[in-house]
Amino acid sequence: MMCVRGFLLPISGLLILLLLTPPMSRYMAQRPSSSRIGSVPHYQVLRYAALDHRPLVGAYYMLKALNYFGGQTLAGSPDKIDYLGIYQAIEAALRLDPYNMDAYYFSQAILVWDLREIKLANSILEYGMRHRTWDPFLPFSAGFNYSYFLEDYKLAAHYYNRGAKISGSSLMTSLTSRFLYENGQTKLAIIYLQTLLPQLTNEALRQSSQRRLEALQAIDCIESALKQYQKVHGAELVPGDLDDLVSSGLLSSLPDDPYGGRFFLDEKGRVRTTSNLATHKRSRQ
């Protein structure tokens with residue numbers, strides 16, 4: 001008797017879902033085309049009804065969201081898109097299958113860039129990190145969101161570092177320190193590298209990171225002298241050449257660029273180097 005009940009319960013769930021489909025379809029057909037992504041049942045109902053086919057049902061709702069968004073965008077109606085329905089479809093897809101990578105890509109594209117729901121997107125990325133523990137894309141995306149949109153460079157460095165550990169790639173480490181530097185956070189980039197260096201076991205990566213650290217420390221030294229120069233000569237005044245910092249006594253000499261370049265000030269008054277912080281690459285002043 002227990003076996004019969006255990007068999008009838010999932011069957012009853014499927015029957016309820018099938019019985020609700022026709023009236024729901026008729027209702028959806030009468031709605032304006034801009035809102036026809038469709039009703040998404042609660043993910044708990046879907047988990048119960050889908051049984052061992054959860055990844056397949058999750059893929060269906062993800063495809064539904066992709067097709068709907070693509071259709072509305074091509075139709076030239078982005079302002080009428082049912083974003084709430086899209087989010088419900090994404091949530092259902094991930095609850096059914098947390099390994100569905102399309103859902104994370106789509107969340108990063110739509111929730112971040114279209115809706116500016118950065119915290120919501122990061123919560124989805126965090127959910128994915130608990131399951132896709134081997135995937136560096138998720139922490140890298142979270143790091144980008146925290147740095148570019150939220151300007152929380154400390155958390156950004158944390159997630160970039162997490163992605164670097166997963167990928168084992170020097171590119172992730174390089175991007176982290178460079179991004180912080182490019183956003184005027186040289187000191188934080190230095191702290192990030194100083195924290196990261198003791199954890200590096202790969203000698204080539206350690207040497208590369210050490211060189212990047214030394215270059216950023218040289219830039220930080222020049223930036224500190226530049227701030228002192230501006231206090232004396234006015235906030236709007238920047239030296240046309242970094243040699244002015246030496247002649248004014250704020251620097252005994254210009255630091256060397258470990259990449260072999262030469263430090264200079266760009267048109268915005270930012271300290272740059274002709275090496276562009278890269279080996280065998282030179283950018284024009």
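At a threshold of 4.5 Å between non-hydrogen side-chain atoms, the residues T186 and E223 count as touching. Using a 4.5 Å cut-off on side-chain heavy atoms (C-beta onward), R212 and Y259 make contact. Side chains of R95 and R54 form no contact here, defined as non-hydrogen atoms less than 4.5 Å apart. In this structure, V112 and R116 have side chains that are not in contact, with every pair of non-hydrogen atoms separated by 4.5 Å or more. At a threshold of 4.5 Å between non-hydrogen side-chain atoms, the residues N122 and L150 count as touching. Contact check for D135 versus M101: side-chain heavy atoms found under the 4.5 Å cut-off. Using a 4.5 Å heavy-atom threshold, the side chains of S252 and V246 count as separate.
In the displayed structure, H131 atom NE2 is contacted under 6.0 Å by more than 12 heavy atoms of other residues, nucleotides or ligands.
Side-chain heavy atoms closer than 4.5 Å link hydrophobic residues (I, L, V, M, F, W, Y) into clusters, and following such links, even through other members, never connects L84 to F106. If you chain together hydrophobic residues whose side chains sit under 4.5 Å apart, L96 and L63 never meet in one group. Cluster annotation: L56 and M62 are assigned to distinct hydrophobic clusters (Ile/Leu/Val/Met/Phe/Trp/Tyr, side-chain heavy-atom contacts under 4.5 Å, transitive).
Ionic pairing of D220 and K187 is present here: one or more N-O contacts between side-chain nitrogen and carboxylate oxygen are shorter than 4.0 angstrom. Between D266 and R272 there is a salt bridge, since a side-chain N of the basic residue sits under 4.0 Å from a carboxylate O of the acidic one.
To the nearest 0.5 Å, atom CD1 of residue I222 and atom CZ of residue F263 are 5.0 Å apart. Note that OG of S123 is 11.5 Å distant from CD1 of I118, once rounded to the nearest 0.5 Å. Distance check: Q228 CD to S248 OG gives 10.0 Å after rounding to the nearest 0.5 Å. A distance of 8.5 Å separates NZ in K227 from NZ in K231, rounded to the nearest 0.5 Å. We find the CG-OG1 distance between D257 and T273 to be 3.5 Å, quoted to the nearest 0.5 Å. We find the CG-CG distance between L250 and D244 to be 10.0 Å, quoted to the nearest 0.5 Å.
Nearest approach of L125 to L138, heavy atoms of both residues: CD2-CD2, 3.7 Å. Of all non-hydrogen atoms in N100 and L94, the two that sit nearest each other are O-CD2, 3.9 Å. Smallest separation of non-hydrogen atoms from L251 and C221: CD2-SG, 3.7 Å. The minimum heavy-atom distance between A142 and M129, with the atom names listed, is CB-CE, 3.9 Å. The shortest heavy-atom contact between S107 and I124 is OG-CD1, 3.8 Å. Considering all non-hydrogen atoms of both residues, A121 and L111 come closest at CB-CB, 4.1 Å.
Distance alone, capped at 3.5 Å, is enough to place a donor-acceptor pair between the Y104 side chain and the P98 backbone. The closest donor-acceptor contact from the side chain of D97 to the backbone of Y99 lies under 3.5 Å.
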**OP:** Go through V271 and F264 one step at a time and tell me if the side chain to side chain contact (heavy atoms under 4.5 Å, CB included) criterion holds.
**Re:** CA-CA 6 Å; V271 179; F264 66 93; over 6 Å; no
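For Y146, the ring pair (Phe, Tyr, Trp, His ring centres under 6.0 Å) test picks out Y159, with sequence neighbours left out.
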